[in-house]
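One structure is given here, and the rest of the page talks about it.
It should be emphasised that the depicted structure is a prediction, and the values quoted were computed from it without experimental measurement.
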Amino acid sequence: MLTKLSIQNFKGIGSFNIEDLARINLLIGKNDSGKSTIMEVIYYLCHEFYEPPQLSLVMSRRTDVFTGASELWFGYNRQSEIVIRALFGSTELCWKIKPEGPARDTFFSHFFQSTGGASDNIALGGTSYMGNFSVTSHGGRVIERMQMDQKTKQTLSSYVSHVSLIDCTMKSKTTEVERILGRLKIDGADASFGQILDDIYGKGKEWEFIPHPEDPTARRLVFKESGRLRYFSDFGDGLRCCVGILGTAMTLENTALCVEEIESHQHSGSLSKLIKYLVEIAREKNLQVFLSTHSMDVWESLHRGVYAEDEAKEKEEFRCFLIERNAETGEVTSENTYDVQKITKALE
């Protein structure tokens, strides 16, 4: 499990440190406070250590316009070094990016360091071409080349290779959701998943994949509602987002799930149930969850919902971090707090 993270000179973040991460981690703050960048770092750093290069995906997920390598640096200052460190138990992973040679070249360096002081550096030579980051790298699965004991390597590999990020783009991709539900169908989890959807929305208990009448080669996801079939793409955004989030969680194990703005398109009642089931799945599947939000409804669903009658469990597995950013210096702070007045004031 990821317990500590630090970021220097990456995108809109000049410096950032967060500690004491738990199973359920809520990052709450205003727009442009750095929450999405923190989630990106968790996702892309992990995958970079398993199957690089991931650098080309960091900017492209948010924009369809020209992007240059300098946009990865805080203040576009390529003279500084980007350093990201993540602590997993007694093992620290580090991702460094710095200019090397011509302005269009970027050098990558990976290493791990245990708390006992042992370290192993693996350098990856890469070239980042201006314009949507056409990156090449030479390293293969970095984590498999590190000199650490096999048990630690297997635990880390399982975690970093399956970390998932659900953002606004993924939520709208019906094809991705259909792929996820196809996996649940194969795993025999379709009935239990249907029960969850029925409890939250009063629909979705029965679903299947059928050939489309206008293209028999294309099998489409349909829900049975009031005795008739409806294509999944016909349902509202709230249900479709919920299916993507909980469906993804049910296909994962021993890793992390990052969800941006889980409250999107959700009624307060459905949001509360969605979060309750997500926490239950996280416990069952040994998942670490990161939620970013600027809505008090998410905090309410956790603090006064899931953990309302279990203060000991809340202390054990839930952290609420108030994220604030100084636009001039890029310093992003993370205060672990449950003070509703302080959180409300910070969101004003």
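The NZ atom of K11 lies 4.5 Å from the OG1 atom of T37; values are rounded to the nearest 0.5 Å. Expressed to the nearest 0.5 Å, how far CD1 of I38 lies from OG of S36 amounts to 9.0 Å. Here the CG-NE2 distance, from D297 to H267, works out to 9.5 Å after rounding to the nearest 0.5 Å. Between the CD1 atom in I281 and the CG atom in L287 there is a gap of 8.5 Å [rounded to 0.5 Å]. To the nearest 0.5 Å, the span separating OG on S270 from CG on L239 amounts to 9.5 Å. Within the model, atoms CG of L246 and OG1 of T251 stand 11.0 Å from one another, a figure rounded to the nearest 0.5 Å.
Residues R23 and E316 are not paired through a salt bridge, judged by the lack of any N-O separation under 4.0 Å between the basic side chain and the carboxylate. Comment: R325 does not engage E331 in a salt bridge, judged by the lack of any side-chain N to carboxylate O separation of less than 4.0 angstrom. Look at R283 and E317 and you find a salt bridge, because one of the NZ, NE, NH1 or NH2 atoms lies within 4.0 Å of a carboxylate O, short of that distance. With respect to the salt-bridge test (charged N to carboxylate O, under 4.0 angstrom), the residues K4 and E92 do not qualify. A salt bridge links E176 and R179; the closest N-O separation between the charged side-chain nitrogens and carboxylate oxygens is under 4.0 Å.
Between I343 and I28 the shortest side-chain heavy-atom distance falls below 4.5 Å. E71 places none of its side-chain heavy atoms less than 4.5 Å from the side chain of W73. Between N17 and I7 the shortest side-chain heavy-atom distance does not fall below 4.5 Å. Between F74 and Q8, every side-chain heavy-atom pair lies at or beyond the 4.5 Å cut-off. Using a 4.5 Å heavy-atom threshold, the side chains of C258 and L291 count as separate. Side-chain contact between R85 and S6 is present, with heavy atoms from C-beta onward closer than 4.5 Å. Inter-residue side-chain proximity for V83 and N9 is flagged as unmet; no heavy-atom pair is nearer than 4.5 Å. By the 4.5 Å heavy-atom criterion applied to side chains, V340 and M296 are counted as neighbours.
Using modelled atom types, one finds a donor on one side chain and an acceptor on the other under 3.5 Å when comparing R220 with S233. Side chain to side chain, D339 and T337 fail the donor-acceptor criterion of an N or O pair below 3.5 Å.
Between T293 and the options E261, E260, E263, a side-chain hydrogen bond (donor to acceptor under 3.5 Å, both in side chains) holds for only E263.
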| task | Quick one: do L257 and L278 satisfy side chain to side chain contact (heavy atoms under 4.5 Å, CB included)? Show the steps, please. | result | CA-CA 10 Å; L257 175 63; L278 180 59; 4.0 Å; yes
| request: Decide yes or no on side chain to side chain contact (heavy atoms under 4.5 Å, CB included) for L322 and E324, but give the supporting numbers first. | output: CA-CA 7 Å; L322 179 59; E324 296 183 286; 4.1 Å; yes
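In this structure, W95 is a member of the same hydrophobic cluster as L156, with clusters built from ILVMFWY side-chain heavy atoms closer than 4.5 Å. Residues V222 and I180 are members of separate hydrophobic clusters, defined by side-chain heavy-atom contacts under 4.5 angstrom among Ile, Leu, Val, Met, Phe, Trp and Tyr. M1 and V160 fall into different hydrophobic clusters, where Ile, Leu, Val, Met, Phe, Trp and Tyr are joined by side-chain heavy atoms under 4.5 Å apart, directly or via other members. Hydrophobic clustering, with ILVMFWY side chains joined whenever heavy atoms are under 4.5 angstrom apart, keeps L229 apart from V243. Cluster membership for F235 and L181, using ILVMFWY side-chain heavy atoms within less than 4.5 angstrom, is shared.
For Y231 and H212, the distance between ring centers is under 6.0 angstrom. Aromatic rings from F16 and F10 are positioned such that their centres are separated by 6.0 Å or more. Aromatic ring centroids of H47 and Y43 lie under 6.0 Å apart.
Around atom NZ of K276, more than 12 heavy atoms belonging to other residues, nucleotides or ligands sit under 6.0 Å away. Around the NZ atom of K313, the shell of radius 6.0 Å holds more than 12 heavy atoms that belong to other residues, nucleotides or ligands. Annotation for K153: atom NZ counts as buried by contact number, over 12 foreign heavy atoms lying within 6.0 Å. No more than 12 heavy atoms of other residues, nucleotides or ligands sit less than 6.0 Å from atom NE2 of H162.
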Would you mind writing out the side-chain donor-acceptor pairs for residues 188-198 within the sub-3.5 Å range, not counting sequence neighbours?
{"from": "D190", "atom 1": "OD2", "to": "K185", "atom 2": "NZ", "distance (Å)": "3.1"}
{"from": "S192", "atom 1": "OG", "to": "A189", "atom 2": "O", "distance (Å)": "3.0"}

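Counting all heavy atoms, side chain and backbone alike, C46 lies closest to Y159 at SG-CE2, 4.0 Å. Minimum interatomic distance between G204 and F223 (heavy atoms only, all atoms of both residues): CA-CD2, 3.7 Å. For the pair I84 and L5, the tightest heavy-atom approach, listed with the atom from each and the gap, is CG2-CD1, 4.2 Å.
A perpendicular orientation is assigned to the rings of W207 and F209, their planes being inclined by more than 60° (bins at 30° and 60°).
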